[in-house]
Amino acid sequence: MKQVQVLLSSYNGKHYISEQLQSIFNQSYPHISVLVRDDGSTDQTLVLLKEYAKVHPDRIKVIAGSNVGVVSSFFELVQQSDPHADYYCFCDQDDVWLEHKVERAVTMLNSQADHVPGMVFTSTELADKDLNSLGTWPKPPLREPSFYNALVQNIAVGATITLNKAARDKFMEGNQIDPNKIIMHDWWFYLLVSGFGNVMYDKNPSMLYRQHENNVVGGSNSLFNKLKQKYRSYIKHKGEYLLVKQASEFYRVYGHLMEDSKREQLELFIAPRERLREKIDFLQRSKLYRQSIVEQLLFRFLILVGYI
């Protein structure tokens, strides 16, 4: 049976990580190992992880790392992952996986050719810190996942992602990726797999997505909270051109390997747009899209005002 490796990045997670590990051990799919990279925890997380590794030496391997941040930590996990595994699951320290998470993802990925990069992501069941349900999040995408969406919007919640070996191998081709130009690891893999393979969405929640005061990235079904989050992001990142920086890094690493139609849209997106005529020309020629009408209108507005 095909082997699955869970890639878990931890940081000061002593309060919740035991529940997460137990939910991995309780998966209906039996052939699972766990690679944990601790990102320089200052609490008892690393001690706890080493105790688990002693009890389950055949199932858990722990890397004690320095504090490099979430993107670099997950990139290192992929680089250090078992090249003989068939599938790889990203994992956060504070969630709880539902019993059939891995089995459903493996079934979906088994439906496509092994040599094609593949990725499955799902919705989540939002939960408070005590795992009381707060509803399903996010809403299903209105349009198909694709590279033209991934350039300007990430719809894949990282902790729900399962990759096949071909996706891992494609990542490994991209040596010397600059993590400072990457917004988030899950966004990069949405770009990567949609650029060279197939991205599949499962509307069934695969985990309890715990919301607490220390979430690196959180979810919300509240319109007010969504608007507040977008406004804060707008103010914080104004003038940084994060989408173009990430896309430019993708072009530097993988542009020469892409099919013509996708590479042309990527080149169009990262080209300078200083004059209004250039911005209008971009919008007329671009195939890029966000998932909702409101998001798409916002994207076009941000292009015209020079934010993107």
**Item:** Interatomic spacing from NZ in K61 to CG in L49 - rounded to 0.5 Å
**Value:** 14.0 Å

**Request:** Before accepting this row, confirm whether a basic side-chain N of the pair E295/R290 lies closer than 4.0 Å to the acidic partner's carboxylate O.
**Result:** yes

**Asked** Can you tell me how far the CG atom of D94 sits from the CD atom of Q211, to the nearest 0.5 Å?
**Response** 8.5 Å

**Request:** Please confirm whether Y29 and H100 have ring centers closer than 6.0 angstrom.
**Result:** no

**Message:** Count I, L, V, M, F, W, Y as connected when their side-chain heavy atoms are under 4.5 Å apart, and connections chain through other members. Are L126 and L131 then in the same cluster?
**Reply:** no

**Message:** Looking only at the side chains, is there a donor atom on one of Y289 and S146 sitting less than 3.5 Å from an acceptor on the other?
**Reply:** yes

**Item:** Joint hydrophobic cluster, F196 plus M172, side-chain heavy atoms closer than 4.5 Å
**Value:** yes

**Message:** Among residues at least two apart in sequence or on other chains, which ones pass side-chain contact (heavy atoms from CB on, under 4.5 Å) with V116?
**Reply:** Q112, A113, N198

**Asked** Crowded around Q44 CD? As in, over 12 foreign heavy atoms under 6.0 Å?
**Response** no

**Asked** Going by distance alone, is a donor N or O of one side chain under 3.5 Å from an acceptor N or O of the other, for N110 and T107?
**Response** no

**Asked** Does any N or O in the side chain of K262 come within less than 3.5 Å of the main-chain N or O of S194, such that one atom is a donor and the other an acceptor?
**Response** yes

**Main-chain N/O of Q93 paired to Q20 side chain as donor or acceptor, under 3.5 Å** = no

**Prompt:** Okay, side chain of S111, backbone of M108: is any donor-acceptor separation there less than 3.5 Å?
**Reply:** yes

**Fill in**
For C91 and I24, the nearest pair of non-hydrogen atoms, with its separation, is SG-CD1, 3.9 Å

**Message:** Quick test of your reading of the model: are D202 and K101 salt-bridged, counting only N-O distances below 4.0 Å?
**Reply:** no

**Asked** Taking all atoms of both residues into account, what is the closest heavy-atom pair of D39 and G69, and its distance?
**Response** OD2-N, 3.0 Å

**Asked** Taking the six-membered ring for Trp, are H185 and F90 parallel (under 30°), tilted (30 to 60°) or perpendicular (over 60°)?
**Response** perpendicular

**Item:** Backbone of P138 reached by a side-chain donor or acceptor of S123 within 3.5 Å
**Value:** yes

**Request:** Compare all side-chain heavy atoms of Q265 with those of L288 and state whether any distance is below 4.5 angstrom.
**Result:** yes

**Request:** Spell out, as yes or no, whether a donor-acceptor pair under 3.5 Å connects the side chain of N164 to the backbone of G118.
**Result:** yes

**Prompt:** Does the side chain of T160 come under 3.5 Å of the side chain of Y209 through a donor N or O and an acceptor N or O?
**Reply:** no

**Message:** Using only atom types and a distance under 3.5 Å, with no angle test, would you say the side chain of Q246 pairs donor to acceptor with the backbone of I183?
**Reply:** yes

**Message:** If you count every heavy atom of other residues, nucleotides or ligands that lies below 6.0 Å from H56 atom NE2, does the total exceed 12?
**Reply:** yes

**Asked** What closest approach, in Å, do G40 and Y11 show between heavy atoms, and which atom pair accounts for it?
**Response** O-CE1, 3.5 Å

**Message:** Same cluster or not: M1 versus V6, using hydrophobic residues (I, L, V, M, F, W, Y) connected whenever any side-chain heavy atoms lie under 4.5 Å apart?
**Reply:** yes

**Prompt:** Taking side chain as C-beta onward, heavy atoms only, is L192 less than 4.5 Å from P117?
**Reply:** no

**Request:** Using atom types as modelled and distance alone, determine if a side-chain donor or acceptor of D95 lies under 3.5 Å from a backbone N or O of R210.
**Result:** yes

**Message:** Does any part of the side chain of L266, heavy atoms only, come nearer than 4.5 Å to the side chain of M258, both counted from C-beta?
**Reply:** yes

**Prompt:** Counting only N and O atoms by type, is there a donor-acceptor contact under 3.5 Å from the side chain of Q291 to the main-chain atoms of R143?
**Reply:** yes

**Complete:** When every non-hydrogen atom of F282 is compared with those of I303, the smallest separation belongs to CE2-CD1, 3.7 Å

List the atom pairs, with distances to 0.1 Å, where a side-chain N or O of residues 73-86 and a protein N or O form a donor-acceptor pair under 3.5 Å, not counting sequence neighbours.
from	atom 1	to	atom 2	distance (Å)
S73	OG	S9	OG	2.7
S73	OG	R37	NH1	3.0
E76	OE1	R37	NE	3.1
S81	OG	V78	O	2.6
S81	OG	R168	NE	2.7
D82	OD1	H84	N	2.9
D86	OD2	Q3	N	2.7

**Request:** Kindly say whether the aromatic ring centers of Y190 and F147 come within a distance under 6.0 Å.
**Result:** no

**Asked** Any sub-3.5 Å donor-acceptor pair from S72's side-chain atoms to P179's backbone N or O?
**Response** no

**Prompt:** Got a donor-acceptor contact below 3.5 angstrom from the W187 side chain to the A150 backbone?
**Reply:** yes

**Test item: I155 and F121 side chains (from C-beta on) under 4.5 Å apart, heavy atoms** = yes

**Asked** Do you know which two heavy atoms are closest between D178 and E249, and how far apart they sit?
**Response** N-OE2, 2.8 Å

**Sub-6.0 Å ring centroid separation between Y307 and F301** = no

**Request:** May I ask you to check whether F171 and W188 place their ring centres under 6.0 Å from each other?
**Result:** no

**Request:** Drop me the distance from S248's OG to K181's NZ, to the nearest 0.5 angstrom.
**Result:** 8.0 Å

**Asked** Between V55 and V34, is there a shared hydrophobic cluster once you connect ILVMFWY residues whose side-chain heavy atoms come closer than 4.5 Å?
**Response** no

**Asked** Is any side-chain heavy atom of V36 less than 4.5 Å from a side-chain heavy atom of I63?
**Response** no

**Message:** Ignoring hydrogens, what is the shortest heavy-atom contact between Y241 and I308? Give both atom names and the distance.
**Reply:** CD2-C, 4.1 Å

**Prompt:** So, N26 and E99: side-chain donor and acceptor under 3.5 Å apart, yes or no?
**Reply:** no

**Request:** Establish whether V253 and L257 are linked, either directly or via other cluster members, by ILVMFWY side-chain heavy-atom contacts under 4.5 Å.
**Result:** yes

**Request:** Working to the nearest 0.5 Å, report the span between CG of L208 and OG of S133.
**Result:** 8.0 Å

**Request:** Evaluate whether atom CZ of R59 has more than 12 neighbouring non-hydrogen atoms of other residues, nucleotides or ligands under 6.0 angstrom away.
**Result:** yes

**Message:** How about NZ on K2, more than 12 heavy atoms from neighbouring residues, nucleotides or ligands closer than 6.0 Å, or not?
**Reply:** yes

**Message:** Can you confirm whether W137 sits close enough to V157 that some side-chain heavy atom of one is under 4.5 Å from a side-chain heavy atom of the other?
**Reply:** yes

**Prompt:** Going from CD1 on I17 to OH on Y52, what distance comes out if it is rounded to the nearest 0.5 angstrom?
**Reply:** 8.5 Å

**Crowding at CZ, R275 (>12 non-hydrogen neighbours, <6.0 Å)** = no

**Asked** Take atom NE2 in H31; do more than 12 heavy atoms of anything else shown fall under 6.0 Å from it?
**Response** yes

**CG on L48 to NZ on K14, rounded to 0.5 Å** = 10.0 Å

**Asked** Under 4.0 Å between a Lys/Arg side-chain N and an Asp/Glu carboxylate O for E274 and K279?
**Response** no

**Message:** Between S10 and D38, do the side chains contain a donor N or O and an acceptor N or O under 3.5 Å apart?
**Reply:** yes

**Prompt:** Which is it for Q5 and Y87 under the side chain to side chain donor-acceptor pair (under 3.5 Å) test, yes or no, and what are the steps along the way?
**Reply:** CA-CA 6 Å; Q5 186 172 48; Y87 301 114; over 6 Å; no

